Every structure is written in structure tokens, then in C-alpha cells.
Amino acid sequence: MRVEVVGKGAVDLAGGSRYGDLVAQLGVPDVLAVAVGDRVLELFRPVEEGQVRLLTFADAQGRQVFRHTASHVLAQAVKRLYPKAQLAIGPATDEGFFYDILFPEPIGPGDLAAIEAEMAKVVAEDHPLRRDEVSRAQALADFERAGEPFKVHLIEALPEDALITTYNQGEFTDLCRGPHLPRTGLIKALRLTNVAGAYFRGDDQGPMLQRVYGTAFPSAAEMERHFFLIEEAKRRDHRKLGPELDLFSFHDVAPGFAFWHAKGLILYEALVGFSRSLQQPLGYQEVSTPWIFKTELWETSGHSAHFTDNMFLMESEGEAFGVKPMNCPGHCLLFAEATRSYRELPLKIAEYGPLTRRERSGTLHGLLRVRGMHQDDAHIFLASEQLGSVIEETLGLVDTVYATFQMPIEIHLSTRPPSRMGDDALWDQAEAALEAALGEERRAYVVDPGEGAFYGPKLDFVATDALGRRWQVATIQVDFQLPIRFELHYVDRDGKQKTPVMVHRAIMGSLERFIGVLVEHFAGAFPLWLAPVQVRLLPISEAERQAAGTVAKALREGGVRAEVDDRNEKIGYRIRAAEKEKIPYVAVIGQREVEAGTVAVRERGGKDLGTIAQGTFTRDLQERIASRWSGPSQLADTDGHGRA
RNA sequence: GCUGACGUAGCUCAGUCGGUAGAGCACCUGCAUGGUAAGCAGGAGGUCCCCGGUUCGAUCCCGGGCGUCAGCUCCA
């Protein structure tokens, strides 16, 4: 028979061949499985009709197969060490795999080493995997007898006509849909990382199992890199760096609300200033609206029905109030304050004020998940035919912002969900407008069918940071419903009242969250224009104190954030302190510099820029700040110290 | 919200088998007046998360609460 292999052309095979034979014939190394159409198949499966794609660890699907088998190795090792342990589910994840297990006695992190050692044995034994199709009755009987009630439960939950398969390796057999590696010996590097609680099927009324996490790689080197990135992420953790750099803090009595210290507020204000500078030319109006409203408003907006669990509610003089989690209802009231003409559209209303959401206590996470936040939020009221141009303009804002931070973005278009409000004609129009705007500039995007909000389709933006981590950041949402609920109208050219469409958009999103992401992206070493302290002046000795003060004053008057460190310490000590605070420039002033009217400039990271005339230094900095220059290079490792 | 672990100086952590506690860094003072990542010496700093219980005595043991962390769930 003849099959088509992606990238390799057509291949002739003997009848009865398996995919493993095909791979062997081609001599392609490191193939873990194959994809035929939308199915992923093991190498021991017989060759079928259809174009074949070879999967290695470089493919997401290949990694999936690899780590799924690793989870079976984990289960096998656990059953050897704890024969009474009951297995639930054990899938691969993006970063590794886990297995949910009910142990006879709860295990702790200290028990992982022994399990890991047993896993190494299973790998070394290099068991081939075998796939068996079994009848429902057979499967139920087998897992009943094996003392695996969770597996029995899973089988019972399968549809009547489902194909049930088991996978066997050595003495271990597991209920599993597959697919898997052909042999356990391919797993060259694995490590168990963590054990945590998890409910069976996510049901918090059900039994609490223990989820054992691990990861696996085809080589030790790849695993090393993985753990290096994890260490690097830990080093950059904004929850640690933020307080260390004196940017913000949290207090027990205000969980989920940040204290912005002076330096952190500089960052915050710089971002808001950036946002304003981009939006003002586009005709945005900035407003400030109330932050507590009577429940009546939340009834109208639909928040009482859909968002009340996430709101702080209160009562005063017998009246119920809610603290605003979003600006949109207030902006609708603002729109309705006057009779609006089509001439005013699109009307762009921006607000940076505080928003409060009652996030559950267990979900709070530094600045990334807070209860009190500020967004670079805006609502655009428009005539439906303006949708395309508004979206395009807003895409431009997203581009500018993420280019400035050197973060690539990926666009997701979420289309109509099964349960939705509004005419399909409106949905057609809105989805078409979003697609047209994206197509206009030939942008790549991913469609997430059915993932839109119930009130309209949306664009979500995912940014990638310096460590390759992905963060959902900006959003552009089309909304037909709120204008209807608030009975908003404008008078059109023909004198008739029409209902506007509303676009909700946030470019940085929650500024709290965004700053959290930036701290980690830049490892706390912010580009010059954002740095809370941009220059620190270091007089060599007491004799230059006054000169340093004069230069600092001139810099500050020129709009540069400069300060003097004239502490009674040696220059090396103060240089080190400035480096640890990740200040972009240090300017040293000694006898020579005072006489020449210069400063000796050192860039963050240790680069010596030599002596520069004081006036030139100020002008250079002013230019770089004004242009939001992204240096000094901050995306690489900026610790620069103690690393070979 | 649920499960588990944790909560000692500003930070990182030690310690007390129940008798009210210590180091390094940071901070302050003095000496040293310094040239690109830690000069020397001294000092100050603690409600051992909070409330209750057991005990002659609780930072330590027990219960409850709050918070943080890791997950789950939720949200998107």
C-alpha cells in the first residue's frame, strides 16, 4: 500500500505494516506517534488510509502522548509501592502530567523521591505498551476486581456505545483512551514536582484525592532547561520583586487590594500617562463615574443576574448598594444624559477609576488576581456601520502598546456561543466586522468558535513575555445588549432614533495585573521611561556632595527622576545598592568630574559609558524618556551577577 | 469557597522535647574620605498572626478565626 507522509512524500509499504515500520523505513528519528487526520495513533497501530504526520516531542500532540505515558509510569510505580492506592485520572498537561490518586494514607512531598525511583525502574525495564479493546461488561468486571472504584465510576459515566480501551505495560493495566508511546524506555528524564489536593471530577462534594504532579522529557538536557525556566520565573516573581523594589505591598487586613508605594505609583502613573497620550489624539473623553450604585442599576445592567457573586454588596438606610466591578453601566448612564446625535458617534468614553470585584479568597494571587483594580477601560458607542473602523483603530492601540513593551501578541476571535442574546443578523454583522478588520491588515488570528460573550463576539489578545509565558491581556468586546437594556438611542441623519452598538475595550486591562506581568517580563529592570528612579548620582566623597545635588536638581527640573545617594559608604557599596534596585543609570561625580562639568555614567548591568558632559547627559535622557526607548537592555538576565 | 501546608525582627531564616528568643542582610551611630557589585566597629529593633482552652506557666500543645502559599473550583 501507499501512504502520503507530510514532508516526506508518498511511501510504499508492505501490506500489514504498522506505523513503526513506516518510521523505520523512512529512518526519521525521535518519532513518538503519528497523526492521521484529527486522530493521533500509536506507532504499533496498523497503517490506515490517510495522510500521515510524524509527531515528535517538538509537537504539542507528541508531548501530550509522551507525558501521558509518563503518567501511566507514575501510576504503575504507585501501585507497586502502594498496592491499595486507587487510581482516578492521569492526563498530560501543558508542562507535564499528573495522576489523581486516593492513597490509603495521605502521602507528603517527602514520599515523592521513592515513587520517582520506582518510576525510573519502570522506565529502565522498558515495557512495551499494548492496547486492548474491551467490552463494557468486561471492563467493569476487571476494574471492580482490581479494586479501582474510580475507574468503575468512569466507565459507568461513558456513553453506552463508547469504545472502551485499556493499555497494558508490564504487570500494569489502566483504563485509558490513549494514545501512548510504544515503550516506557523512551522516557529518558522525569521528575515528580508536587503533590496537592484535587477533587474527583472537580466535585467539591466528592472525595478529595491527591494529585501527584510531574514532568518528563526525552533528554536530561531538555528537562534541565525546563527547570531553569521555572527557577527564572521564581526569581522574577512579582510578589517577591514588588515589595523588594518598594513598588507595592499587601496587608492582611485588605486581602486582594494593593498598597501602591511611591515608586509603584510612578509606574502606574507612567502607564496611565502612556494610555492617555495614545487615546487623546483619537478623541477619547476621560470621565470619572460613581463607584457605588443602588442595586437598581445592577438589575438594569444584568449584573445582578450574572455577576452578583463577584460584587461587594452593602446596605445603607435600608437601601441596597453594590460597588462597581465594571464601568460599563455608569458609562451607559452618561451616554443617556443627553440626546445624542449621530454626529457624536463614535463616542469614546474612557475611565481609569477603581473597580472592585469580590474574587474568592482562594483565587487571590499577588497583583495578578486582585479585588481592587484599575483598568485602562473605555466604552465606545457607535453606529453599527462604524464597527469596522472602530475595531481597526483599537487594534492599532493594542499594537502600539505591546510593541512598546516588546511583547508579541496573538489574537483570538471568539464567536457566538450557543446560548446568546440578540438577532443572528446582528451577530453576522459583528463577526463579519471583526473578521474584516483583522483581514484588512492581514493579521493572523485564531478562531475560538462559541467562546464569545452572551452579549456579543470579542477579540482577546494573548501576550508572550520574555520567558515565553503567555498572558491574556487586552480585550475588545462587541456588545448589542447593554444599549438595549439601558434603552440608549441616538438621532440618526434621517431624524429617527436608533440604538447604538457598544464596544468594551481594555488595552492593558487591569493595570494591577499588567504591572504584575511587566515586573516579571522585565525582571524588575524596567525600561528607562518606566523606571521609578532613572538616575542615581553618586558623589565619590563629601567634597562632591553639593555638585551631585546640583546635577540632580537640574535633571529633575528637566523631567528626569534623579536622586543622590550621598550615604557615608564607599562607591562600590553604593553601586551595588543601585544595581540591586535595578536603576537604569548611575552617574558618579568625583573631583575630576566636578572640574570638567561631567558625570561618569554606568549603565544598569555594568556597562561603562564613560564621562559625559552634564548637559548632554540630561538631554540624552530626556530624549530617550520621551521616545519610550526600551533600553537599557532589560529583557536578558539583568542580575548580571554571580552567573558564569 | 474547598483540601493541605505554612505564619518568629523590614527581608531570608534558625530556635524553644512548655520556663516570654537568635543569626546574616537592611536600618542607626562612630571611625575610615573613598573611583564602578558588600571597609571596620558598635547600637537599636520582636504582641513569636489574632482570640479562646489546657497548664503554676503557652511563641511551642488543643480548638476557632484571619492571612499567605500550592492545588481544586470559580472567573475569562
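The sequence lines fix the lettering, A, B, ..., with proteins before strands; numbering per chain opens at 1. Values below: all heavy atoms of this structure, side chains included; hydrogens, waters and symmetry mates excluded. Computed from a predicted model, the values in this text were never measured in an experiment.
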Original post:
Between A:Arg211 and B:C72, does any side-chain N or O lie under 4.0 Å from OP1 or OP2?
Top reply: yes

Original post:
With both distances kept under 3.5 Å, what pairs with B:G24, Watson-Crick or G-U wobble?
Top reply: B:C11

Original post:
What interatomic distance, in whole Å, is found between C1' of B:C62 and the corresponding atom of B:C27?
Top reply: 39 Å

**OP:** Give none if B:A5 has no partner; otherwise give the nucleotide forming a Watson-Crick or G-U wobble pair with it, both distances under 3.5 Å.
**Re:** B:U68

**OP:** Please check if any side-chain donor atom of A:Ser275 sits under 3.5 Å from a side-chain acceptor atom of A:Tyr352, or the reverse.
**Re:** yes

Subject >> Partners meeting salt bridge (Lys or Arg N to Asp or Glu O under 4.0 Å) with A:Glu435 (sequence neighbours left out) >> reply: none

Original post:
So, is A:Arg239 near the phosphate of B:A70, with a side-chain N or O under 4.0 Å from OP1 or OP2?
Top reply: yes

**OP:** Calculate the interatomic distance between A:Phe307 atom CZ and B:C74 atom C1'; express it in whole Å.
**Re:** 11 Å

**OP:** Answer with yes or no whether A:Arg602 presents, from its side chain, a donor or acceptor under 3.5 Å of a partner atom in the base of B:A37.
**Re:** yes

Subject >> Nearest-Å distance for atom pair CD/C1', residues A:Glu569 and B:C40 >> reply: 11 Å

Subject >> Pairing partner (Watson-Crick or G-U wobble, both distances under 3.5 angstrom) of B:C17 >> reply: none

**OP:** Answer yes when A:Asp608 and A:Arg602 have at least one side-chain N-carboxylate O distance shorter than 4.0 Å, and no when they do not.
**Re:** no

Original post:
How close or far is atom C1' of B:G71 from atom OH of A:Tyr99, stated in whole angstroms?
Top reply: 19 Å

**OP:** Among B:A76, B:G1, B:G35, find the nucleotide with the atom closest to the side chain of A:Arg592.
**Re:** B:G35

**OP:** Any strand is fair game: report the nucleotide pairing with B:C48 by Watson-Crick or G-U wobble, both distances under 3.5 Å, or none.
**Re:** none

Original post:
Is a side-chain donor-acceptor pair under 3.5 Å present for A:Gln477 with A:Thr475?
Top reply: yes

**OP:** Ignoring backbone atoms, test whether A:His365 places a side-chain nitrogen or oxygen under 4.0 Å from the OP1 or OP2 oxygen of B:A70.
**Re:** yes

**OP:** Using both distances under 3.5 Å as the test, list the Watson-Crick or G-U wobble partner of B:C61, or none.
**Re:** B:G53

**OP:** Using a cut-off of strictly less than 4.0 Å, decide whether A:Tyr573 has a side-chain nitrogen or oxygen near OP1 or OP2 of B:C40.
**Re:** no

Subject >> Length of the CG-P vector between A:Leu209 and B:G4, whole Å >> reply: 13 Å

**OP:** Check whether any side-chain N or O of A:Arg358 sits under 4.0 Å from OP1 or OP2 of B:G1, and answer yes or no.
**Re:** no

Original post:
What nucleotide among B:U68, B:C31, B:C27 has an atom nearest to a side-chain atom of A:Pro255?
Top reply: B:U68

Original post:
Does A:Glu593 get its side chain close enough to the base of B:G35, under 3.5 Å, for a donor-acceptor pair?
Top reply: yes

Original post:
Does B:U29 pair with anything, Watson-Crick or G-U wobble, both distances under 3.5 Å, and if so, with which nucleotide?
Top reply: B:A41

Original post:
Paired with B:C75: which nucleotide, if any, by Watson-Crick or G-U wobble criteria at under 3.5 Å for both distances?
Top reply: none

Original post:
Between the side-chain atoms of A:Arg357 and the base atoms of B:C75, is any donor-acceptor pair under 3.5 Å?
Top reply: no

**OP:** Measure up the A:Tyr585 and A:Phe617 rings against each other and bin them: parallel (under 30°), tilted (30 to 60°), perpendicular (over 60°).
**Re:** perpendicular

Subject >> Basic-acidic side-chain contact under 4.0 Å: A:Glu359, A:Arg369 >> reply: yes

**OP:** For A:Leu245 and B:A26, give me the distance from atom CG to atom C1', rounded to whole Å.
**Re:** 15 Å

**OP:** Report the nucleotide, chosen from B:C69, B:G67, B:C31, that has the shortest atom-to-atom distance to any side-chain atom of A:Asp252.
**Re:** B:G67

Original post:
So which nucleotide from B:G71, B:G35, B:G39 ends up closest to the side chain of A:Asn194?
Top reply: B:G71

